[in-house]
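Each remark here refers to the structure printed beneath this line.
Start at 1 and go down the list; that is how both ligands and their atoms are numbered.
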Amino acid sequence: MTDTTTGNRETLGFQTEVKQLLQLMIHSLYSNREIFLRELVSNASDACDKLRFEGLHNAALFENDSELNIRIGFDKTARTLTISDNGIGMSRDEVINNLGTIAKSGTREFFSRLSGDQQKDASLIGQFGVGFYSAFIVADKVTVVTRRGGEKSDQGVRWESDGGGEFSIEMTEKSARGTEITLHLRDDQDDLLAGYKLREIVKKYSNHIVQPILMKKEEWKENQYETLDEDETVNQASALWAKPKSEISEEQYKEFYKHVGHDYDDPLAWSHARVEGRQEYTQLLYIPKRAPFDMWDRNARHGIKLYVRRVFIMDDAEQLMPLYLRFVRGVVDSSDLPLNVSREILQESKDIEAIRKGCTGKVLGLLTDMAQNDAEKYAGFWGEFGKVLKEGVGEDMPNKDKIAGLLRFASTHADTAEETVSLADYIARMKDGQEKIYYVTAETFNAAKNSPHLEVFRKKGIEVLLMSDRVDEWALSYLTEFEGKPLASVAKGGLDLGKLEDEAEKQAQEKQADEFKELTDKIKTSLGERVKEVRVTHRLTDSPACLVAEENDMSANLARMLKAAGQKAPASQPILEINPQHPVVLRLRAEEKRFDDWAAVLFDQALLAEGGQLDDPATFVKRVNQLMLELGS
Ligand code: ADP
């Protein structure tokens, strides 16, 4: 930050990202400029919530003014709009941090994804969150005067910026606690200087903010509105979730979501219910349309808002949602918890556990319904949040089957990675006599799709699920069966197709195993410790060889992933399987002179084909070149 000081006043530079965000905001969101008011009102409401919560432990913060509210006013002559609240306010340091930097995780990723295409970028900003800076969509200068609850009246702070590269900050007098934001409107924004217009925007976007939003009353006199010196509440100012469902419109649910979810987009779905029983609470839970930027940041804020009898207690109460549902937003309002409940208490509370269980059930129910009744919508959900939901298979044992029912996988019976199948669909189209659900894991979709292990399954038309998410291996270690059908990796253990093979095939295979015994023994001797065993297989139709893991060993894919992550993987020897029909294998039977080279190349290419890395690539290349030269001569 650059820094020039004149008396009490300092000029500071914005963090680079803020400058970029400001530019983007002004240009990309212009067509939806009214949202600035929603964002500022939403911040004001959060500030009131924070005061209410801190005030539970420190009543002095209220300064004898506990009627929390938000005010909107305008001045036609000065061409300004003012949004003020008597919430918690900000100290000087807080102002500098909150209004000069972006402290959000995922910021760098966000900026790296911007394309310069305004429409695309506008939707990305939406996902990122717009917040305070949206004021600059309509204003060419913004002044913030704020004082934190409990501070003396000369400890107010005045922040001002024209949205260029800098802002100024100075200490000032402010008698009323809270924050007042003044927008000096851009030239073409005069239509916002009208009470009816502002009321309309408030009703549209902020009707269900819990605090009253006050405006001066107006009276129609001599062909224009005259402002009276009397306030009125222009929003409903009631907790939306406390109303009966039948009295809430779809639009109202959506509006409320944008406030609690800090989202610019509509939600994908929601569940609203009043739960009675051992614990009484109301929950209004939303599933966003799109994943936030920081979904993979384990330290990112998540969780939902907790209220106790309509009093805001805390944001991001992560104890109310399991980690694998961290994308869920919304509100839980408990009738039973004490008002002074703290994060520590939440961690141990049996009551909270019961609420979490209930909320989890509701979300899974909502998703199950969606999957059954609106496959397209569910596909949208899956594309955004599928990888997170998969974590649930290992995290939430009691709901494992329900979650397994929600999983979707790519399959050999589809053309693209996006076209997916559920385990239930898979079972419904299993071949006669098929007893297992087959899958293959690999690092990428293409590696899975082209894995040599699939060859016999393709030939027989047996479907195999293709798994290439990192979390799949982990999830599969918990998911060993679905609806009584075991899940089986096609790259582990001996190939046992059960009833999918007839007697004649089985006999032919046994005969070949005998016939090739000499060769498999010889290859094993040649490869030594690199393999546990060498055997004939019927898995392959086109490839000469492949590697498989023992039934209970870690899969090669998982071992590679662990190594890549710098973790130790137990050393396991693969089994080399050879295809007795393949010309290369037949040719190897007759080879004398270069047998060791052939055997080594066979092993190395099997490793390459499943996405593995060679220990000694240079020697592999040398051997291949040698063999090519010999064939050519
Ligand atoms: P977000 O609300 O998503 O955190 P914003 O850019 O809207 O991002 O606001 C940044 C921060 O500034 C808020 O998190 C809050 O701490 C502070 N802030 C904004 N408006 C107010 C306000 N009216 N009163 C107190 N603090 C505020």
Could you identify the single nearest non-hydrogen protein atom to [atom] and state the distance to 0.1 Å?
| atom | answer |
| --- | --- |
| atom 8 (O) of ligand 1 | G131 CA, 4.5 Å |
| atom 4 (O) of ligand 1 | R301 NH2, 4.7 Å |
| atom 11 (C) of ligand 1 | N98 CB, 3.6 Å |
| atom 25 (C) of ligand 1 | A47 CB, 3.6 Å |
| atom 3 (O) of ligand 1 | H262 ND1, 3.9 Å |
| atom 5 (P) of ligand 1 | F132 N, 3.5 Å |
| atom 27 (C) of ligand 1 | M90 CE, 3.6 Å |
| atom 2 (O) of ligand 1 | N43 OD1, 3.0 Å |

Self-check item: Output field: ring centroids F132/W159 closer than 6.0 Å
Solution: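 Between W159 and F132, which both carry aromatic rings, the centre distance is below 6.0 Å.
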
Quiz prompt | Close aromatic pair by centroid cut-off 6.0 Å: Y378 and F381 | solution =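 Aromatic pair counts; centres sit under 6.0 Å.
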
Quiz prompt | Any V328 side-chain heavy atom under 4.5 Å of Y286 side chain | solution =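 Sidechains of Y286 and V328: no contact.
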
Exercise. Please identify each residue that fulfils ring-ring contact (aromatic ring centres under 6.0 Å, His included) with F111, with sequence neighbours left out.
Key: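 Testing F111 for ring-ring contact (aromatic ring centres under 6.0 Å, His included), a comparison that skips the adjacent residues, returns none.
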
Self-check item: All salt bridge (Lys or Arg N to Asp or Glu O under 4.0 Å) counterparts of R356, not counting sequence neighbours
Solution: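 Expected list: none.
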
Practice problem: Could you check T143 against R158 for side chain to side chain contact (heavy atoms under 4.5 Å, CB included), going step by step and ending with a plain yes or no? | Solution: CA-CA 7 Å; T143 312; R158 185 171 188 277; 3.7 Å; yes

Quiz item: Would you say E376 has more than 12 foreign heavy atoms packed within less than 6.0 Å of its CD?
Solution: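 Result for CD/E376: open.
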
Quiz item: Does the protein place any heavy atom closer than 4.0 Å to atom 13 (C) of ligand 1?
Solution: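 Protein heavy atom within 4.0 Å of atom 13 (C) of ligand 1: absent.
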
Quiz item: Looking only at distance, does Y133 have an N or O less than 3.5 Å from an N or O of ligand 1?
Solution: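 No - when backbone and side-chain N and O of Y133 are compared with those of ligand 1, no distance drops under 3.5 Å.
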
Practice problem: For D85, take its heavy atoms, then give the atoms of ligand 1 lying under 4.0 Å from any of them. | Solution: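 Near D85, the atoms of ligand 1 are 22 (C), 23 (N).
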
Exercise. Output yes when D263 and R329 qualify as a salt bridge under the 4.0 Å nitrogen-oxygen rule, no when they do not.
Key: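 A salt bridge is absent here (no side-chain N lies under 4.0 Å from a carboxylate O).
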
Quiz item: At the 4.0 Å heavy-atom cut-off, does K50 count as touching ligand 1?
Solution: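 In this structure, K50 qualifies as a contact of ligand 1 - some heavy atom is under 4.0 Å.
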
